[in-house]
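I have placed the structure first, in the form of structure tokens, so that the comments after it can refer back to it.
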Amino acid sequence: MTVDLAIVGAGPAGMAAAVLAAELGLDTVLIDEADAPGGQIYRAVESARETSPKASPLGADYLAGRPLAAALRASAAAYRPATMVWHIDPDGTLSLVSEGRGEAIVARHILLATGAIERPVPVPGWTLPGVMTVGAAQILLKTADLVPEGRAVLAGQGPLLYLVAAQLVRAGAPPLAVLETTPRENYAAAARHFGGLWAGRRDLAKGLALMLELRRAGVAVRRGVRGLRALGRRRVEGVAWEGGEIAADALFLHEGVIPNTQISLALQLAHHWDEAQSCWRPATDEWGRASLANVAVAGDGAGIAGAASALLSGRLAALDAAQILGRIDRAERDRRALPIRAGLARERAIRPFLDALYRPSDTLLSPADEVIACRCEEVTAGQIRRAVRLGATGPNQVKAFVRCGMGACQGRVCAPIVGAVIAGARGVPIAEVGAYRPRAPYKPITVGALAGVEVGPHQIAKPN
Amino acid sequence: MFRPRPDGAVATIPVEVEGRVVRVPAGASAAAAVLLAGLTSIRDTAIGGGERAPYCMMGICFECLAEIDGVPNRQSCMIAARPGMRINRQSGARPAPSGEIE
């Protein structure tokens with residue numbers, strides 16, 4: 001099968017891009033691993049039990065995903081849920097697995113809209129059962145209407161921390177405490193982005209309203225928490241920090257989100273180290289075009305900017321794809337992009353302030369020797385430092401030395417930790433040590449799925 | 001570890017977690033069923049044998065690997081609960097096939 005545009009990921013960027021691309025006459029396919037559209041931000045939004053913002057514990061910003069999902073369902077774009085992309089060839093071939101069956105499609109243009117993942121939070125005890133991410137708690141609320149049982153503590157920083165704490169309050173499960181890890185010095189750094197605060201005052205007001213909501217609900221909020229660690233033997237039994245300790249049945253960690261670069265790195269797109277957001281992101285131009293001419297990246301996968309920005313960047317990428325494939329000319333693309341760009345500027349205004357305020361502490365990015373860095377292969381930060389002393393210079397070499405990043409998650413979780421630990425041990429910037437080079441299959445597939453792939457005519461060598 | 005929220009969706013789908021029937025709402029994953037069932041952990045690691053439970057719930061961390069309907073190493077957070085689904089803990093690495101390989 002050959003299509004004009006293949007989009008990977010059905011979050012706000014992917015959905016918006018698919019709808020607009022189909023509208024512009026592109027033969028479009030939207031591939032997503034989940035059973036329903038929405039990505040993580042709008043996960044299960046179509047089946048939300050309460051559809052009025054007042055009644056929903058998840059709130060208005062979540063329900064804003066409903067019209068977008070409805071537009072996708074009504075669109076001519078082919079939507080392929082429960083489908084995993086396990087390889088993309090730079091020639092435009094995408095290898096898929098769906099319901100255990102392999103398949104290959106060829107796309108003239110590819111848009112990666114793979115979104116964000118939560119930054120790993122390597123604190124002592126973070127592998128204990130009962131320690132999860134804040135995003136995980138929210139996904140359980142969105143998809144299964146489940147809330148934590150017993151005493152829940154949320155710890156870390158970033159907008160999602162307060163949002164999920166408030167959502168749990170509304171869902172009848174107020175957390176015992178919120179422990180904020182924002183380093184004190186971040187306040188001064190954030191204050192330098194005061195200009196963005198005015199432009200982003202709506203977002204700021206939302207954040208302050210969430211904090212007020214928590215206070216009214218009697219949730220204890222502690223600021224300036226350092227030295228966070230999870231306590232317990234077989235499972236989490238408490239949370240400790242410098243100068244304090246509380247008993248807890250569940251601990252949810254969050255230190256912001258970073259681009260999900262598994263596919264963009266595997267494709268060997270050029271990536272930049274983003275100092276402000278402490279993460280790698282693919283190099284893209286103002287349309288989202290990446291270093292391969294037939295590949296673009298939209299949404300948080302190209303740099304963290306939030307759901308509203310992701311939607312708009314998806315539309316820009318769709319316009320650009322339509323221009324590249326000859327459906328519209330440059331003048332029309334540029335004219336239609338103007339209001340989208342204005343919207344993007346508004347949505348992104350508060351970002352420099354948030355990036356500076358919620359910058360993770362150096363100890364969080366590069367933890368102490370005894371802390372597990374790679375959860376899969378149980379490799380500590382100390383083992384990584386030892387590998388550096390033995391001469392390993394970057395993540396791929398350290399991987400060969402001590403197996404970090406070689407486990408089931410294929411380095412998705414430990415990548416940021418490993419990079420920062422190596423950089424710290426070598427005394428060089430992270431940009432210099434580089435990133436893991438992930439490889440296909442992007443996730444494990446069965447031999448049956450691999451063997452069952454029908455080979456397209458483009459892959460058959462022509463006889464001379 | 002988790003409980004249904006008051007006024008939440010009705011749990012209609014029966015699944016078996018370690019042999020015990022648990023009902024979850026439509027849309028819930030196998031990992032959600034494990035958390036609702038109150039299991040402390042879903043697997044023992046292949047390296048140190050330590051206990052692990054679902055962590056990210058979005059298909060990134062692979063901590064929730066479990067045996068689902070007899071197939072080990074499934075990402076339970078990415079698999080929707082279906083009526084009659086059997087979800088079991090897994091322990092360490094899959095044993096190597098016994099006997100001579102010819």
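Labels below follow one simple rule: chain letters A, B, ... track the order of the sequence lines, proteins then strands, and each chain is numbered from 1.
At a threshold of 4.0 Å, the pair Arg234(A)-Glu51(B) counts as salt-bridged, since one of the basic side-chain nitrogens sits closer than that to a carboxylate oxygen.
Distance NZ/Lys443(A) to CZ/Phe62(B): 5.0 Å, rounded to 0.5 Å. The CD atom of Gln167(A) sits 10.5 Å away from atom CZ of Arg5(B), with the distance rounded to the nearest 0.5 Å.
With a 4.5 Å cut-off on non-hydrogen atoms, Leu141(A) touches chain B through its side chain but not through its backbone. Residue Arg49(A) touches chain B through its side chain alone, counting heavy-atom pairs closer than 4.5 Å. Residue contact with chain A, scored on non-hydrogen atoms closer than 4.5 Å, involves the side chain of Met78(B) exclusively. Contacts of Gln40(A) with chain B are made by side-chain atoms alone, with heavy-atom separations under 4.5 Å and no backbone atom involved. For a residue to count as touching a neighbouring chain, one of its non-hydrogen atoms must lie under 4.5 Å from one of that chain's; by this rule Ile42(B) does not touch chain A. Only the side chain of Arg43(A) comes within less than 4.5 Å of a heavy atom of chain B; its backbone N, CA, C and O stay farther away. Interface remark: Ala26(B) contributes backbone atoms only to the contact with chain A (heavy atom separation under 4.5 Å). Contact of Leu146(A) with chain B is made through backbone and side chain together, with heavy-atom distances under 4.5 Å. The contact between Ile139(A) and chain B is made entirely by side chain atoms (from C-beta outward), counting heavy-atom distances below 4.5 Å. Contacts between Ala173(A) and chain B at a heavy-atom distance below 4.5 Å involve backbone atoms as well as side-chain atoms. No part of Ser47(A) comes within reach of chain B, as not one of its non-hydrogen atoms sits under 4.5 angstrom from that chain.
Nearest heavy-atom pair across Glu378(A) and Gly48(B) is OE2-N, 3.1 Å. Taking every heavy atom of both residues into account, Arg235(A) and Thr40(B) meet most closely at CB-CG2, 3.9 Å. Glu50(A) and Asp7(B) get closest at one heavy-atom pair: OE2-O, 4.0 Å. Of all heavy-atom pairs spanning Leu35(B) and Met132(A), the tightest one is CD1-CE, 3.8 Å. Tyr55(B) and Val131(A) get closest at one heavy-atom pair: CD1-O, 3.3 Å. Residues Cys61(B) and Cys409(A) approach most closely at O-CB, 3.6 Å, considering heavy atoms.
Of the residues considered (Gly135(A), Cys376(A), Ala136(A)), Ala136(A) shows the highest number of contacts with chain B, using heavy-atom pairs under 4.5 Å. Your options are Pro148(A), Gly150(A), Ala152(A), Ala171(A), and the one with the most heavy-atom pairs under 4.5 Å with chain B is Pro148(A). Between chain B and the residues Pro444(A), Ala137(A), Pro57(A), the most heavy-atom pairs under 4.5 angstrom are made by Pro57(A). Top candidate by heavy-atom pairs under 4.5 Å with chain A, chosen from Gln75(B), Arg52(B), Glu63(B), is Arg52(B). With chain B as partner, the option from Ile117(A), Asp35(A), Asp145(A) having the largest number of non-hydrogen pairs under 4.5 angstrom is Asp145(A).
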Using the rule given for side-chain contact (heavy atoms from CB on, under 4.5 Å), can you reason through Asn260(A) versus Ile60(B), listing the C-alpha separation, both sets of side-chain angles and the distance that settles it, and then say yes or no?
CA-CA 9 Å; Asn260(A) 181 357; Ile60(B) 298 297; 4.2 Å; yes
